[in-house]
Amino acid sequence: MHFTPEKIKAFREQVAALLADWQVPSITLGIIENGETVYTGAVGSRDLENGIAADETTLYMIGSCTKAFTAALAAILVDRGLLDWDEPLIHYVTGIDFYDDYVTTHVTMRDLLCHRTGMPRHELSWYGTGFTREEIMENYRFLEPNKPFRTTYQYSNQCFMYAGKVIETLFGKPYEECLQEYIFTPLGMTHTTPFLYDMVQSGHAALPYSQEDVYAVTAPPVRVPYYESTPGELESRTSCIFASAGSICSCSEDMMKWVSFHLNMGLVDGKQVISRENMFEMHKMNMLCGEMMEPNVRTAPESDVTPVSAYGLGWGVDIYRGRKCVNHSGGIDGFITYTAFFPELNCGLFLSVNKFEMFLPLVVKNMVQDILLGCEGETDWAARCRKACEAFKAPRDPNAPHPYLGKQLPDAPLSCALTEYTGVYEHKGYRPFPVREEGGRLYATLMGREVELKHFHYDAFTLDLGLDDIPPEIPVVFNVDGKDHRIHNVDIMLLQEPGAPYTRFQKKG
């Protein structure tokens, strides 16, 4: 046993020092070793302003760690003979429509759950838009793929919304009820909920924080609102629009039951809740992620200890220091989460922090994993992740070429009068993109935020939303028609996958 009481005490002290160094309010943590829960607890404050300490029942928004629960519900449907992993979904439901008709008629639950539909990460088509769940799924058919079907791993929250639609249809009840009846209740996850309202009303909620300067390597935490994907989530038990992609709120006490459930291959108190066969389907490598991760391999903190990365069904599947590690991260306004386990070693962990800080959770996760694997101290994760964070948040060298626009030509003028660029630009899969002029400058609204369009050269501009996980200097290129010398459309780089195309918005009127 590596996590003895003495070790846990010393480790808590290490974590407290890391929280202070990275200026993160709190972390909740659960650890399983040799099949036994050896620790659940927390360090720091769930509410900084009132000095309220976090504990093992403090609720955090776990974001995309929800996806494994969606896969588990699909596995239950497969066990019951109501669904086949590899049967086209068109045989079960209507309303799952992709840009490519072939994908619409052939896509399966396995395709959705391992992110191999050819669709890039169209996050700005839903995040912060106020679209309903139905509108997001309806709009999806207007969003273009950038890879052939089943060839490339590309993460998609909308595909998990579609998976939730299938689950609701085949069970005949709302997704949230399915979670409660088929997973939370059998596993005894009494604190866990898919409703933000329940979390806030529980009296055990961690408050979300970010930092004023999102490009600073570390800065004091600043209170931010809970992310309400659906207006009114804080006032009532309103379903989250992306419920099946990232709605669950949980704590380390409950998440240890979830990790234990997976280590026990679906067995709970002598009852096989999900068959071993379908637990294996979720945990095996269904789609390699190498092509997606290739551009970041040289700077990723884990690049040499995780040589193989793949995706299962709702889970990532990596080889960490030679051992299979089934895992997933989650990120949503004010929270970052990790869930991970090693099937061969019968051990695992869960952690969540209440600040949108991507690197500190990675430090603690890898420290715990190294202790569990008996290789503590082989890597200084704090130093390594600090270096990666500095590289990630470093401003672009103004003399270096822009990754999309190339070398800047500062004296290259606009092709048209400034007013010609103004107007409302539309794309059926997105909110409109209005552009206005004021004081000789252009301003555009994206994701509900109005920001200045900064002239780059010729008819190219950049914009910066100032958000944690949205890169700065998003290219915006207006296209001047060669015949009438007017602007009829604009191209915006809204996708971050390697080789992804611009998204074209047509000028209204």
Side-chain angles (χ1 to χ4, degrees), residues 99 119-131 139 142-146 214-215 295 393-509:
Y99 188 90
M119 294 297 292
R121 195 164 176 159
H122 284 279
E123 297 291 58
L124 302 191
S125 69
W126 66 269
Y127 183 89
T129 62
F131 282 137
N139 292 345
F142 299 112
L143 303 179
E144 295 187 41
N146 71 316
V214 299
Y215 305 118
K393 294 192 173 185
R396 183 180 65 85
D397 180 350
N399 297 316
H402 187 283
Y404 295 101
L405 299 174
K407 184 173 177 58
Q408 186 174 17
L409 304 173
D411 298 323
L414 296 172
S415 301
C416 304
L418 206 58
T419 53
E420 178 64 27
Y421 299 83
T422 63
V424 177
Y425 298 82
E426 296 182 326
H427 183 291
K428 290 183 178 180
Y430 288 82
R431 283 290 186 199
F433 183 74
V435 178
R436 68 178 184 87
E437 183 268 336
E438 181 180 320
R441 298 175 183 270
L442 294 179
Y443 296 87
T445 299
L446 184 65
M447 291 176 58
R449 290 174 172 244
E450 186 178 64
V451 294
E452 182 183 350
L453 285 175
K454 297 181 179 179
H455 185 231
F456 190 81
H457 60 212
Y458 295 118
D459 301 307
F461 295 75
T462 64
L463 63 80
D464 182 2
L465 294 171
L467 295 174
D468 291 290
D469 55 345
I470 307 295
E473 297 189 296
I474 296 174
V476 178
V477 181
F478 294 88
N479 299 304
V480 180
D481 189 287
K483 295 180 180 178
D484 62 10
H485 205 65
R486 298 186 63 188
I487 296 170
H488 298 290
N489 53 61
V490 62
D491 293 333
I492 312 173
M493 179 48 70
L494 298 176
L495 310 173
Q496 301 307 312
E497 287 83 356
Y502 282 83
T503 301
R504 176 159 293 185
F505 287 67
Q506 298 293 333
K507 194 170 186 178
K508 184 178 179 180

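For the single chain, residues carry numbers from 1 onward in sequence order. Just so you know, these numbers come straight off a predicted model, no measurement behind them. All values below come from the heavy atoms of this structure, side chains included, with hydrogens, waters and symmetry mates left out.
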Note to self: I'd like to know if the side chain of K507 and the backbone of V424 have a donor-acceptor N/O pair within less than 3.5 Å.
What the structure shows: no
Next item on the list: Would you name the heavy atoms of P401 and K407 that are closest together and state the gap between them?
Entry: CB-N, 3.9 Å
Next item on the list: Output all residues satisfying side-chain hydrogen bond (donor to acceptor under 3.5 Å, both in side chains) with Y215, sequence neighbours left out; order by chain, then residue number.
Entry: D464
Next item on the list: Taking only Lys NZ, Arg NE, NH1 and NH2, and the carboxylate oxygens of Asp or Glu, determine whether D481 and R486 approach each other closer than 4.0 Å.
Entry: no
Margin query: Set out, in order, the CA-CA distance, both residues' side-chain angles and the distance that settles side-chain contact (heavy atoms from CB on, under 4.5 Å) for L446 and F433, then state yes or no.
Written below: CA-CA 6 Å; L446 184 65; F433 183 74; 4.3 Å; yes
Check: Taking all atoms of both residues into account, what is the closest heavy-atom pair of A460 and V477, and its distance?
Finding: CB-CG2, 4.1 Å
Notebook entry, point to check: In Å, rounded to the nearest 0.5 Å, how long is the span from NZ of K428 to OG of S125?
Noted result: 15.5 Å
Checklist line | Other residues, nucleotides, ligands: >12 heavy atoms within 6.0 Å of Y404 OH | finding: yes
Note to self: When you measure from the side chain of E437 to the backbone of G440, do you find a donor-acceptor pair of N or O atoms at a distance under 3.5 Å?
What the structure shows: yes
Note to self: Quick test of your reading of the model: are E452 and K454 salt-bridged, counting only N-O distances below 4.0 Å?
What the structure shows: no
Next item on the list: Name all residues meeting the side-chain hydrogen bond (donor to acceptor under 3.5 Å, both in side chains) criterion together with D411; count only those two or more places apart in sequence or in a different chain, and write none if there are none.
Entry: none
Note to self: Using a 3.5 Å distance criterion without hydrogens, assess whether the side chain of H485 forms a donor-acceptor pair with backbone atoms of S415.
What the structure shows: yes
Item checked: Note, H402 side chain near P475 side chain (heavy atom, < 4.5 Å) -> yes
Margin query: With rounding to the nearest 0.5 angstrom, report the CG to CG distance, L453 to L463.
Written below: 6.0 Å
Next item on the list: Please lay out, stage by stage, how M493 and V476 fare under the test side-chain contact (heavy atoms from CB on, under 4.5 Å).
Entry: CA-CA 7 Å; M493 179 48 70; V476 178; over 6 Å; no
Checklist line | Straight-line distance of E473 CD to L405 CG, nearest 0.5 Å | finding: 8.5 Å
Notebook entry, point to check: Judged by atom type as modelled, is there a donor-acceptor pair below 3.5 Å linking the side chain of Q506 to the main-chain atoms of E426?
Noted result: no
Next item on the list: Using a strict cut-off of less than 4.0 Å between a Lys/Arg side-chain nitrogen and an Asp/Glu carboxylate oxygen, indicate whether R436 and E438 qualify as a salt bridge.
Entry: yes
Item checked: H122 side chain vs E144 backbone, donor-acceptor pair below 3.5 Å -> yes
Margin query: So, taking the atom named CG in L495 and the one named CG in L124, what distance separates them when rounded to the nearest 0.5 Å?
Written below: 8.0 Å
Next item on the list: Kindly say whether the aromatic ring centers of Y421 and F478 come within a distance under 6.0 Å.
Entry: yes
Next item on the list: Taking the side chain as every heavy atom from C-beta outward, state whether F505 and N489 have any pair of such atoms under 4.5 Å apart.
Entry: no
Notebook entry, point to check: Are the side chain of R431 and the backbone of T129 linked by a donor-acceptor contact shorter than 3.5 Å?
Noted result: yes
Note to self: What I want to check is whether the side chains of D459 and N479 have a donor and an acceptor closer together than 3.5 Å.
What the structure shows: no
Item checked: Contact check, side chains of L143 and Y99, non-hydrogen atoms, under 4.5 Å -> no
Check: Nearest heavy-atom pair of Y127 and M447: which atoms, and what distance?
Finding: CD2-CE, 2.9 Å
Note to self: Between F142 and Y430, is the ring centroid distance below 6.0 Å?
What the structure shows: no
Check: How close do P145 and P120 get, heavy atom to heavy atom, and via which atoms?
Finding: CA-CD, 3.9 Å
Notebook entry, point to check: Going from CD on E450 to CG on L465, what distance comes out if it is rounded to the nearest 0.5 angstrom?
Noted result: 12.0 Å
Notebook entry, point to check: Taking side chain as C-beta onward, heavy atoms only, is N139 less than 4.5 Å from F131?
Noted result: yes
Next item on the list: Count the heavy atoms of every other residue, nucleotide or ligand shown that sit under 6.0 Å from OH of Y502, and state whether that count exceeds 12.
Entry: yes
Margin query: What's the separation between atom OG1 in T422 and atom CD1 in I487, rounded to the nearest 0.5 Å?
Written below: 9.0 Å
Item checked: Main-chain N/O of M119 paired with N146 side-chain donor or acceptor, under 3.5 Å -> no
